[in-house]
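To start, the structure under review is shown below, and the notes come after it.
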Amino acid sequence: MQITRETDYAVRCVTYLVLKQDQVVMVDEIASENLIPKSFLSKILQKLVKAGIVKSYRGVKGGFQLAREPKKISLLDVVEATEGPLSLNQCVIDENRCCRSNSC
C-alpha cells in the first residue's frame with residue numbers, strides 16, 4: 001500500500017500542530033514550513049476539522065490547532081480523515097458489493 005500525497009500532507013500537518021500544540025497556527029505557516037501547497041492544505045485541514053482532529057478559529061487571529069491531545073490521535077485517525085474508512089475489502093464496509101458476503 002502506498003499512501004496518497006493528501007495523506008502524507010495531512011500527517012505532516014498534524015505532526016507540525018503537535019509541535020505547536022499550545023498555539024493557533026495560520027495555514028500559511030503550516031504550508032510554508034511543511035512545503036505543502038496552501039490551497040491543497042486548506043482542503044486537507046477541512047477534512048481534519050470534520051474528523052475532530054483539528055479545530056479552526058476564524059478572524060484576524062484565526063488559524064488551526066489540535067482538537068485533542070496528541071496521544072489521543074492515531075495515525076489511523078489521520079489516514080481515515082483523508083482516505084475514508086479502511087478495510088480489507090470493500091465488502092467489509094458494504095456487503096452489497098459482493099455476491100459472496102452471505103457465506104464469507
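As the structure is a prediction and not an experimental result, all values here were calculated from the model. We count residues from 1, following the sequence as given.
Linking Ile, Leu, Val, Met, Phe, Trp and Tyr whenever their side-chain heavy atoms come within less than 4.5 Å leaves Met26 and Leu66 in two separate clusters.
Around atom CZ of Arg5, no more than 12 heavy atoms belonging to other residues, nucleotides or ligands sit under 6.0 Å away. For Lys55, the NZ atom is densely surrounded, since the number of other residues' heavy atoms within 6.0 Å is greater than 12.
With hydrogens and angles ignored, the 3.5 Å screen pairs a side-chain donor or acceptor of Asp77 with a backbone N or O of Ser74.
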Working for side chain to side chain contact (heavy atoms under 4.5 Å, CB included), residues Arg68 and Ile53: CA-CA 6 Å; Arg68 308 182 231 159; Ile53 297 169; 3.5 Å; yes
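Atom CG of Asn34 sits about 9.0 Å away from atom CD of Glu29, to the nearest 0.5 Å. Taking CD from Glu80 and OG1 from Thr7, the interatomic distance works out to 10.5 Å, rounded to the nearest 0.5 Å. Separating the NZ atom in Lys38 from the CD1 atom in Ile30 is a distance of 11.0 Å, to the nearest 0.5 Å.
Closest non-hydrogen pair, Gln21 versus Pro70, comes out as NE2-CD, 3.3 Å. Listed here is the closest heavy atom pair of Ala67 and Gly52: CB-O, 3.3 Å. Closest of all the heavy-atom pairs between Cys13 and Leu48 is SG-CD1, 4.2 Å. Looking at every heavy atom in both residues, Leu41 comes nearest to Ala31 through CD2-N, 3.5 Å.
Val24 shares a hydrophobic cluster with Tyr57; the chain of contacts runs through ILVMFWY side chains whose heavy atoms sit under 4.5 Å apart.
Annotation: ring-ring contact (aromatic ring centres under 6.0 Å, His included) contacts involving residues 9-54, sequence neighbours excluded, comprise Tyr9-Phe40.
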